[in-house]
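Not measured: the values here are computed from a predicted model. Numbers here simply count residues along the sequence, with the first being 1.
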Amino acid sequence: MARIPTPTEFPTIRKRLRFYQVTSVITGVLLLLLVFEMLLKYIWHVEIELGGPFGFLSLVQEDTVTAINLSRWILIVHGWFYVIYLISCYLLWQKMRWELGWLLALAGGGVVPFLSFITEALITRRTKRLLGEYQEIWDETDDEDARVARVEAELSDEERAALDAKVAEEVRRRQEN
């Protein structure tokens, strides 16, 4: 069985999942704004100006912005926030011990419009399901450990010595093979 997160790691994973969810939604919204800005710029050749002479928020011809170029800021903010999104993806991926393909799928969520919303929903569902499964596995392991401890407590000294001899013989046999 592959190594799975321990129950002590579950609270950290839940925090990282929440961080991922928040960054995923923000990245998705910023990506949609970026796509909208690109359509304005490359189809209609206009840019978004903030606080300029034409009002608080206005569309002006490309390369004629005299105040804050909101189009450029959308681009910059999305780029930097995508880096934060990637960090959140890595943190979750690393703690859940998934294969590399999952990290690539998570990273792709911030590049394709609307994909971050879809990946966020799928990854959240998958993470919660896996945490539930892992908890069941750990509960079964704890039950098994308790049963073994109970059986060992009931053994007499002779039975324990005989069992230890069998274990030592089995270890010796496996080392020879």
Side-chain angles (χ1 to χ4, degrees), residues 1-52 55-60 62-63 65 67-145:
M1 178 171 69
R3 190 170 176 279
I4 61 173
T6 62
T8 58
E9 295 174 292
F10 288 2
T12 303
I13 291 172
R14 287 189 181 97
K15 287 179 187 172
R16 290 181 179 189
L17 176 63
R18 188 72 191 141
F19 180 50
Y20 165 75
Q21 289 173 313
V22 170
T23 59
S24 177
V25 170
I26 293 172
T27 300
V29 170
L30 287 172
L31 183 59
L32 292 178
L33 283 173
L34 181 64
V35 168
F36 177 70
E37 187 273 326
M38 291 292 172
L39 291 174
L40 289 175
K41 185 170 185 163
Y42 293 110
I43 292 178
W44 294 287
H45 303 286
V46 292
E47 292 178 318
I48 306 169
E49 183 180 61
L50 180 68
F56 178 71
L57 193 64
S58 60
L59 297 176
V60 297
E62 192 174 0
D63 297 328
V65 175
I68 297 171
N69 187 341
L70 198 56
S71 297
R72 183 172 295 150
W73 277 104
I74 289 171
L75 191 106
I76 293 169
V77 170
H78 174 266
W80 279 107
F81 210 84
Y82 183 68
V83 173
I84 295 170
Y85 172 75
L86 288 177
I87 291 170
S88 74
C89 292
Y90 173 78
L91 290 174
L92 181 64
W93 170 81
Q94 181 257 340
K95 211 57 172 168
M96 289 299 293
R97 300 182 180 107
W98 288 333
E99 297 84 24
L100 182 62
W102 284 103
L103 180 61
L104 298 176
L106 288 167
V111 178
V112 179
F114 296 106
L115 189 59
S116 71
F117 303 112
I118 296 168
T119 56
E120 186 273 328
L122 294 175
I123 292 299
T124 298
R125 191 177 324 147
R126 176 181 165 83
T127 302
K128 289 181 178 177
R129 180 180 49 82
L130 286 175
L131 287 180
E133 291 175 8
Y134 295 158
Q135 184 63 53
E136 289 177 11
I137 291 170
W138 286 110
D139 289 345
E140 290 173 9
T141 303
D142 290 343
D143 290 344
E144 186 176 314
D145 290 345

Rounded distance [0.5 Å steps], CG in Leu33 versus CD1 in Ile48: 7.5 Å
- prompt: Any side-chain heavy atom of Lys41 sitting closer than 4.5 Å to one from Ser71?
  reply: no
Any donor-acceptor pair under 3.5 Å from Thr23 side chain to Tyr20 backbone: yes
query: Roughly how far, to the nearest 0.5 Å, is the CG atom of Leu91 from the NZ atom of Lys15?
result: 13.0 Å
message: As an exercise, state the distance from CG of Leu131 to CZ of Arg14, rounded to the nearest 0.5 Å.
response: 5.5 Å
query: Is the shortest heavy-atom distance from the side chain of Thr119 to the side chain of Phe114 under 4.5 Å?
result: no
field: Side chains of Asn69 and Glu47 in contact at under 4.5 Å (non-hydrogen atoms)
entry: yes
query: Is the backbone N or O of Glu99 less than 3.5 Å from a side-chain atom of Trp93, with the two atoms forming a donor-acceptor pair by type?
result: yes
- prompt: Taking atom CZ of Phe19 and atom CG of Leu92, what is their separation to the nearest 0.5 Å?
  reply: 11.0 Å
field: Test item: Phe117 and Leu122 side chains (from C-beta on) under 4.5 Å apart, heavy atoms
entry: no
4.5 Å side-chain heavy-atom contact, Tyr82 and Leu30: no
- line: Here the pair of heavy atoms bringing His78 nearest to Gly110 is NE2-O, 3.7 Å
- request: Enter the distance from Asp142:CG to Ile137:CD1 here, rounded to the nearest 0.5 Å.
  value: 12.0 Å
task: Assign the ring pair Trp102 / Trp98 to parallel, tilted or perpendicular, where the plane angle (0 to 90°) is split at 30° and 60°.
output: tilted
- request: Supply the atom-to-atom distance Ile26 CD1 to Ser88 OG, rounded to the nearest 0.5 angstrom.
  value: 10.0 Å
field: Smallest separation among heavy atoms of Phe10 and Pro5, with atom names
entry: CE1-O, 3.7 Å
task: Could you pull out all residues at least two apart from Asp139 that satisfy side chain to side chain donor-acceptor pair (under 3.5 Å)?
output: Gln135
message: Within a 6.0 Å radius of atom CZ on Arg18, are there more than 12 heavy atoms belonging to other residues, nucleotides or ligands?
response: no
message: If we ignore hydrogens and angles and just use 3.5 Å, is the side chain of Tyr85 paired with the main-chain N or O of Leu106 as donor and acceptor?
response: yes
Over 12 foreign heavy atoms within 6.0 Å of CZ, Arg97: yes
- prompt: Is the backbone of Thr27 close enough, under 3.5 Å, to the side chain of Ser116 for a donor and an acceptor to pair up by distance?
  reply: no
- request: Check the pair Leu39, Trp44 against side-chain contact (heavy atoms from CB on, under 4.5 Å), reporting the backbone distance first and the verdict last.
  value: CA-CA 7 Å; Leu39 291 174; Trp44 294 287; 4.2 Å; yes
- prompt: Yes or no on side-chain contact (heavy atoms from CB on, under 4.5 Å) for Gln21 and Val25, after CA distance, side-chain angles and deciding distance?
  reply: CA-CA 6 Å; Gln21 289 173 313; Val25 170; 5.8 Å; no
message: What I'd like to find out is whether the side chain of Leu70 reaches to under 4.5 Å of the side chain of Glu49, using heavy atoms alone.
response: no
Qualifying residues under salt bridge (charged side-chain N to carboxylate O under 4.0 Å, His left out), relative to Lys128, sequence neighbours excluded: none
- request: Could you pull out the closest heavy-atom pair between Ala107 and Cys89, with the gap in Å?
  value: N-SG, 4.4 Å
- request: Check the pair Gln94 / Arg16 against side-chain contact (heavy atoms from CB on, under 4.5 Å), numbers first and verdict last.
  value: CA-CA 10 Å; Gln94 181 257 340; Arg16 290 181 179 189; 2.9 Å; yes
query: So, do Thr141 and Asp145 sit near enough that their side-chain heavy atoms are less than 4.5 Å apart?
result: yes
4.5 Å side-chain heavy-atom contact, Glu144 and Glu140: no
message: I'd like to know if the side chain of Thr12 pairs up with that of Glu9 as donor and acceptor (distance under 3.5 Å, no hydrogens or angles considered).
response: no
